[in-house]
Amino acid sequence: MKTVIKGVTVGYTDQGRGTPLVFIHAFPLSKAMWQPQVDALEDFYRVITIDLRGHGESDTVLWNDTLDNYAADVIDLLDDLGISQAIFIGLSMGGYVLFSIYRNYANRVKAMVLADTRAQSDSEEGKAGRRSMAQMAFNEGASAIADLMLPKLLTPSTMKHHPKIVEQVRQMILHTPTAGIIVDLMAMAARPDSTDLLRTISCPTLVIVGEEDQAAPVAESQYLTNRIPNSTLVTIPAAGHLSNYEQPAAFNQALQTFLDNLES
Ligand code: MLT
């Protein structure tokens, strides 16, 4: 489905009935990465996935874009759909967007799941890395970014033994416009630090991390649960950064247990 938010076309899915679950994807992917969770949960919940600007079916906005604008799109979509509060699930860049949602619209958040993400902003070295990756995207296109990102998203074992998963993730990256990749990198480099926000998060929070995540290692998730008052940490064995896609059964189990506890 598509809708137009402040002149920007935004792709999304909205399936099922019940408590709304809103899924926010990672860099440089799309709502397609949440298919294993949609399949598992749509019979029991209202499951919403969104393509952030510059991804999937959504328009790319070139000029001075920020993760706060991505967050505002998510909230505007929920307004369109008549949803006042939801449980949000964000992975990596989706987690950064979720911090922006909590910072600006905390009353919309019933609970949240922060997967494979971190609170800190980029170091100077990290920002320089974003700039060179953006240059690479401009010069060589999304396939060069796919070659660079796949080993960061997936474990060595998945890279070697699960060519179907590797190909599906590659296709998601190849479907991301180069301009969308560049805008993400600039927006992530400019994002604020969320460390001080953590102690103010009062909603139930689940933190999930792939045991082999190199991009946002387990220590980053421990940092989150040490500071977010009402939080728990689940580590997913044999998963890297894209833990929801690499080990969907374990990820869904952690999610389901969290959702069950919210209702009990
Ligand atoms: C992601 O998966 O969204 C990225 O690893 C986030 C980042 O580059 O900081």
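In each ligand, atom 1 is the first atom listed, and ligand 1 is the first ligand listed. Position 1 is the first residue of the sequence; numbering continues from there.
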Practice item. Kindly work out whether a path of hydrophobic side-chain contacts (I/L/V/M/F/W/Y, heavy atoms less than 4.5 Å apart) joins F44 to L21. Key: yes
Atom 9 (O) of ligand 1 has as its nearest protein heavy atom Y96 OH, 2.5 Å
Quick check: M188 and ligand 1, any N/O pair under 3.5 Å apart? no
**Report entry** Test: R227 cationic atom under 6.0 Å from Y223 six-membered ring centre, within 45° of axis
**Finding:** yes
Ion pair R108/D79, N-O distance below 4.0 Å
yes
In terms of side-chain geometry, is the basic nitrogen of D68 or R191 positioned less than 4.0 Å from the acidic oxygen of its partner?
no
Note to self: For ligand 1 and M93, I'd like to know whether there is a polar contact (N/O to N/O, distance under 3.5 Å).
What the structure shows: yes
Numbered in order shown, the ligand 1 atoms found under 4.0 Å of a heavy atom of S92 are 1 (C), 2 (O), 3 (O), 4 (C), 5 (O), 6 (C)
Of Q214, R118, H241, the residue with the heavy atom nearest atom 2 (O) of ligand 1 is H241
(request) May I ask you to test the L41-F23 pair for a side-chain heavy-atom distance under 4.5 Å? (result) yes
Please say whether R130 places an N or O atom under 3.5 Å from an N or O atom belonging to ligand 1. yes
